[in-house]
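For reference, the structure I am asking about is given below.
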Amino acid sequence: MPINDNDTRVKRTKKLIRQGLAELSKTKSLSKITVKELTDLVEINRGTFYLHYKDIADLVESIETNLYNDFGEFINSVTPKSVIKKPIDVLEQYAKFCEENKEAFVMLMGVHGDAEFVFKLIALLDSRIYDLCKSFFPNMNQSIYDFSTEYGKFAAVGLMNCWFYKHPEWTARQVAELWLTLMTKGLNGMVENRPGGITI
C-alpha cells in the first residue's frame with residue numbers, strides 16, 4: 001500500500017525523523033550518521049524509517065531538494081517592483097522564510113553540514129541578485145554588478161547564519177531592519193537608527 005505523504009501520522013513521523021537528523025548533525029557529519037543512531041534517538045523502529053527513505057543519504061537528499069525548490073521559488077518571486085516599493089518587507093519575508101526552514105538551514109550550513117549544497121543556494125541568490133541589479137541600474141559598469149552581487153549574496157547567507165547561531169533571540173523584523181540599514185547607510189546608520197532595539 002503506497003504511503004500517503006499528506007497523512008497526519010506520516011507528516012509527524014517525517015518531522016520527527018528530520019528533527020532527529022538535525023540533532024545528530026550538531027556533533028556528527030551527515031555522511032557518518034547511521035539509521036540505527038537516528039531511529040534510536042527518535043524512538044521509532046528501523047522498519048518505519050525505511051517506509052519513507054532508503055537510507056540517510058536519501059533522507060538528506062529529500063531535505064535538500066525540498067529546501068532548494070522552495071528557496072528558488074521564493075527568490076524568483078522577488079520582483080524589482082516589490083523591492084523598490086518596500087524593501088524592508090522583502091527582506092523580512094526572506095528572513096521569515098529562512099526562519100520557517102531554520103532546522104534545515106542550520107543542519108546543512110553547520111560545520112557538519114553540506115557545503116556543496118549551501119553553494120547551490122548561493123548560486124540561486126547570485127542569479128537573482130544580479131538580475132535585480134541590472135534592472136535597477138541598466139547602464140552600470142560590469143564590475144559594479146559583479147561586486148554588488150557578491151556583496152548581496154554573501155550578506156544574505158551570512159546574516160542568517162549569524163542570526164541562527166549567535167542571536168536567535170532576534171525577530172525576523174529586527175534582522176531585516178539591521179540588514180536594510182547596513183545596505184543603505186553602512187555602520188554609520190547603526191548609530192543613527194539603532195535597529196532592532198540595539199543600544200550603542
Side-chain angles (χ1 to χ4, degrees), residues 25 30 63-200:
S25 73
L30 291 171
I63 293 170
E64 291 183 341
T65 298
N66 289 334
L67 182 58
Y68 183 85
N69 290 339
D70 291 345
F71 189 73
E73 184 177 339
F74 173 79
I75 291 300
N76 289 324
S77 72
V78 177
T79 64
K81 183 178 179 180
S82 67
V83 174
I84 292 172
K85 184 177 181 181
K86 206 161 186 182
I88 185 65
D89 285 352
V90 174
L91 297 179
E92 184 178 12
Q93 287 163 12
Y94 175 86
K96 284 183 175 179
F97 173 86
C98 292
E99 186 176 35
E100 289 167 1
N101 294 278
K102 179 178 178 179
E103 185 179 86
F105 275 114
V106 169
M107 177 174 62
L108 298 170
M109 291 169 61
V111 293
H112 300 292
D114 186 346
E116 184 177 342
F117 176 74
V118 174
F119 277 101
K120 285 176 65 177
L121 295 184
I122 291 174
L124 288 175
L125 284 167
D126 183 287
S127 176
R128 192 68 194 124
I129 292 173
Y130 180 85
D131 289 343
L132 289 170
C133 286
K134 290 278 285 187
S135 67
F136 294 145
F137 309 104
N139 300 311
M140 297 291 284
N141 184 283
Q142 181 62 43
S143 62
I144 301 300
Y145 295 133
D146 293 338
F147 278 116
S148 298
T149 300
E150 290 297 303
Y151 172 82
K153 70 185 183 184
F154 284 109
V157 173
L159 284 170
M160 296 307 108
N161 199 44
C162 182
W163 179 25
F164 292 155
Y165 283 100
K166 295 182 178 181
H167 302 287
E169 74 279 3
W170 278 46
T171 66
R173 185 69 179 191
Q174 288 175 316
V175 173
E177 288 173 349
L178 170 64
W179 191 355
L180 183 61
T181 300
L182 289 172
M183 283 196 302
T184 57
K185 297 185 178 182
L187 290 176
N188 285 335
M190 302 281 287
V191 178
E192 295 172 13
N193 295 341
R194 299 185 180 184
I198 300 173
T199 300
I200 298 176

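Along the sequence shown, residues are numbered consecutively beginning with 1.
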For the CG atom of L91 and the CG atom of L178, what is their distance to the nearest 0.5 Å?
10.5 Å
M107 side chain near I63 side chain, heavy-atom distance below 4.5 Å:
yes
If every non-hydrogen atom of L182 is compared with every non-hydrogen atom of Y151, which pair is closest and at what distance?
O-OH, 3.9 Å
Please say whether more than 12 non-hydrogen atoms of neighbouring residues, nucleotides or ligands are located less than 6.0 Å from CD in E73.
no
Is there side-chain contact between F117 and L67, with heavy atoms separated by less than 4.5 Å?
yes
Intermediate values then yes/no, side-chain contact (heavy atoms from CB on, under 4.5 Å), V83 and F136:
CA-CA 10 Å; V83 174; F136 294 145; 3.6 Å; yes
State, to 0.1 Å, how close V106 and Y165 come at their nearest heavy-atom pair, and which atoms those are.
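Between these two residues, the closest heavy atoms are O-OH, 2.8 Å.
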Considering non-hydrogen atoms only, spot the tightest contact between A155 and W179 and give its length.
CB-NE1, 4.3 Å
Shortest non-hydrogen contact between S25 and L30, atoms and distance:
CB-CD2, 3.8 Å
If I take atom CD from residue E99 and atom CE from residue M160, how far apart are they, to the nearest 0.5 angstrom?
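Output value for this atom pair is 9.5 Å.
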Pair R173 + E177: basic N to acidic O under 4.0 Å:
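Answer for the salt bridge query: yes.
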Describe, in one word, how the ring planes of F71 and Y94 are oriented to each other, choosing from parallel (under 30°), tilted (30 to 60°) and perpendicular (over 60°).
perpendicular
Donor-acceptor contact below 3.5 Å, side chain W170 vs main chain W163:
no
Between the side chains of K96 and E92, is the shortest nitrogen-to-carboxylate-oxygen separation below 4.0 Å, so that they form an ion pair?
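Here E92 pairs with K96 in a salt bridge, since their nearest N and O are under 4.0 Å apart.
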Distance (rounded to the nearest 0.5 Å) between F147 CZ and E150 CD
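Separation between the atoms: 9.0 Å.
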Give every donor-acceptor pair under 3.5 Å between a side-chain atom in residues 124-133 and any protein atom, sequence neighbours left out.
unit_1 : atom_1 : unit_2 : atom_2 : d
D126   : OD2    : K153   : NZ     : 2.7
R128   : NE     : I75    : O      : 3.4
R128   : NE     : V78    : O      : 3.2
R128   : NH2    : V78    : O      : 2.6
Y130   : OH     : Q142   : OE1    : 3.4
Y130   : OH     : Q142   : NE2    : 3.2

Let me confirm one number: the CZ-CD distance from F164 to E103, rounded to the nearest 0.5 Å.
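The CD atom of E103 is 11.5 Å from CZ of F164, to the nearest 0.5 Å.
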Whether N76 side chain and G72 backbone form a donor-acceptor pair below 3.5 Å:
yes
What distance separates E116 CD from L108 CG, expressed to the nearest 0.5 Å?
12.0 Å
Please report the closest heavy-atom contact between V90 and S82, naming both atoms and the distance.
CG2-O, 3.6 Å
Can you tell me how far CG of N66 sits from CD of E64, rounded to the nearest 0.5 angstrom?
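Reported value, rounded in 0.5 Å steps: 10.5 Å.
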Check: P168 and K102 side chains under 4.5 Å, non-hydrogen atoms
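The answer is yes, as the side chains (C-beta and beyond) meet within the 4.5 Å cut-off.
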Please step through side-chain contact (heavy atoms from CB on, under 4.5 Å) for the pair M109 and V157, ending with a clear verdict.
CA-CA 9 Å; M109 291 169 61; V157 173; 3.8 Å; yes
What heavy-atom pair brings Y145 and N139 nearest, and what distance separates the two atoms?
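Heavy atoms only, the tightest pair is OH-N, 3.4 Å.
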